[in-house]
Amino acid sequence: AAAGADSLSSQQFSNLKMTMLQKMIGDYYERDYKPLLKLGSDFQKQKNNFIDNVLKNKSRVDEEIFKLVKERFANTTSIILDAGCGLGDFLLLCQKNSMNAIGIDKDELSIEIAKLRLSNPTLAKIADGENLPFNDNYFDLVVSKTVIEHVIDPKKYLQEIYRVLKKDGALILFAPNYLFPWEGHYKLFWLPYLFPYTKSLF
C-alpha cells in the first residue's frame, strides 16, 4: 500500500488504509476471540462490534489510565513507554494530546495494526518486555496494562521496567485480580479459589 501511495489520491489512500485496518482487526479478533465465544453467539455481530470499537478507540481501561497519566505527566517533554501496547489504544490517546509515547509488543499483528492507526508508525515497535531495547533511565513513565500475567518471567519484566525508568519515574501497572470470579481474558465466570486448576478445567 505504501509503495503505491504516490499514485493514489489522499482520499483513496485513506479508504485503502481503512479497509486494511478493518481486515487486520477482524483477523486479530478471529485469532484471539473466536475460540472463546459462547455457543450460540453471533460471531459476525461480535466481530463487527469489536472492529467498530477499536476504530472509534473505545477502550475504557485506556481512557481511565490516561486520566491518571494526564494528571501527573501533562508536561509534553515527558517520555512514556506503553509496555505491551496491543492495538495502540493508549498510544492514540497520547498522540491526540501531544504527549510523547512509544509502544512495544511481542505480537506482530498487534503492532502492524497499531502502526496503521498512528500518524507516526515508528512509535510502535516489536519488542520483548523482558528485554527492552532502550537505554537505562530513559522513560519518565511506563504503563503496563494486562501484560504482566502473560510474561514468562514477571520478575525480569519488572526489572527491565525499573532499568529504563528515570530515578524519579513512575510505573502504572494494571493487572487482573485472580480472586475475582470473572476471567476477563477467557470471558468466563470461574472459581478463583481452585486456581491454578480452574483454567485447565475451563
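Source: prediction; values computed, not measured.
Rounded to the nearest 0.5 Å, atoms CG (Leu132) and CD1 (Ile161) are 7.0 Å apart. If you take OH on Tyr28 and CD1 on Ile113, they are separated by 7.5 Å, rounding to the nearest 0.5 Å. Taken to the nearest 0.5 Å, the NZ atom of Lys70 stands 9.5 Å off from the CG atom of Leu93. Atoms CG and CG, on Leu81 and Asn100 in that order, are 12.5 Å from each other to the nearest 0.5 Å. Interatomic distance, CG of Asn137 versus CG of Asp168, reported as 9.5 Å (0.5 Å rounding). In this structure, the separation between NZ on Lys156 and CD on Glu160 is 7.0 Å, given to the nearest 0.5 Å.
Hydrophobic clustering (ILVMFWY, side-chain heavy atoms < 4.5 Å, transitive): Ile104 and Leu173 are in one cluster. Ile111 and Val143 sit in two unconnected hydrophobic clusters of ILVMFWY residues. Membership requires side-chain heavy atoms under 4.5 Å apart, directly or through other members. By the criterion of side-chain heavy atoms lying less than 4.5 angstrom apart, applied directly or through intervening Ile, Leu, Val, Met, Phe, Trp or Tyr residues, Ile51 is grouped together with Leu16 in one hydrophobic cluster. Cluster membership for Met20 and Met18, using ILVMFWY side-chain heavy atoms within less than 4.5 angstrom, is shared. In terms of hydrophobic clustering, with Ile, Leu, Val, Met, Phe, Trp and Tyr side chains grouped at heavy-atom distances under 4.5 Å, Leu55 and Met24 are assigned to a common cluster.
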Tyr29 vs Val54, test: side chain to side chain contact (heavy atoms under 4.5 Å, CB included). Steps then yes/no.
CA-CA 11 Å; Tyr29 184 82; Val54 171; over 6 Å; no

Given Ile102 and Cys85, is the side chain to side chain contact (heavy atoms under 4.5 Å, CB included) satisfied, shown in steps?
CA-CA 9 Å; Ile102 298 169; Cys85 65; over 6 Å; no

Step by step, work out the side-chain hydrogen bond (donor to acceptor under 3.5 Å, both in side chains) result for Asp42 and Gln46.
CA-CA 6 Å; Asp42 185 337; Gln46 298 290 342; over 6 Å; no

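Lys145 places a side-chain heavy atom less than 4.5 Å from the side chain of Asp82. You'll find the side chain of Leu158 reaches within 4.5 Å of the side chain of Ile148, heavy atoms only. Looking at heavy atoms from C-beta onward, Arg72 lies out of side-chain contact with Leu141 at the 4.5 angstrom threshold.
Of all heavy-atom pairs spanning Glu130 and Ile152, the tightest one is OE2-N, 3.1 Å. Pairing each heavy atom of Ile80 with each of Cys94, the nearest pair is CD1-SG, 4.4 Å. The minimum heavy-atom distance between Leu92 and Arg117, with the atom names listed, is CD1-NH2, 3.2 Å. Heavy-atom minimum distance, Glu149 versus Ala175: OE1-CB, 4.2 Å. Nearest heavy-atom pair across Leu91 and Gly103 is CD2-N, 3.6 Å. Nearest heavy atoms, Ser144 versus Tyr157: OG-OH, 2.6 Å.
The number of heavy atoms from other shown groups lying within 6.0 Å of NZ (Lys58) does not exceed 12. Residue Lys23 qualifies as open at atom NZ: its count of foreign heavy atoms under 6.0 Å is 12 or below. Annotation for Tyr138: atom OH does not count as buried by contact number, only 12 or fewer foreign heavy atoms lying within 6.0 Å.
Taking the six-membered ring where the residue is Trp, Phe66 and Phe90 present perpendicular rings, their angle passing 60° and hence far from 30°.
With hydrogens and angles disregarded, a donor-acceptor distance shorter than 3.5 Å links the side chain of Asp105 to the backbone of Gly86. Under the 3.5 Å distance criterion, the side-chain polar atoms of Asp89 are left unmatched by any main-chain donor or acceptor of Asn57. Here the side chain of Lys17 pairs a donor or acceptor atom with the backbone of Leu116 at under 3.5 angstrom. Side chain of Thr19 to backbone of Asn15: a donor-acceptor contact under 3.5 angstrom is found. For the pair Asn97 (side chain) and Met99 (backbone), a donor-acceptor distance under 3.5 Å is absent.
A salt bridge does not link Asp27 to Arg31: none of the charged nitrogens lies less than 4.0 Å from a carboxylate oxygen. For the pair Glu63 and Arg60, the salt-bridge criterion is not met [side-chain N within less than 4.0 Å of a carboxylate O].
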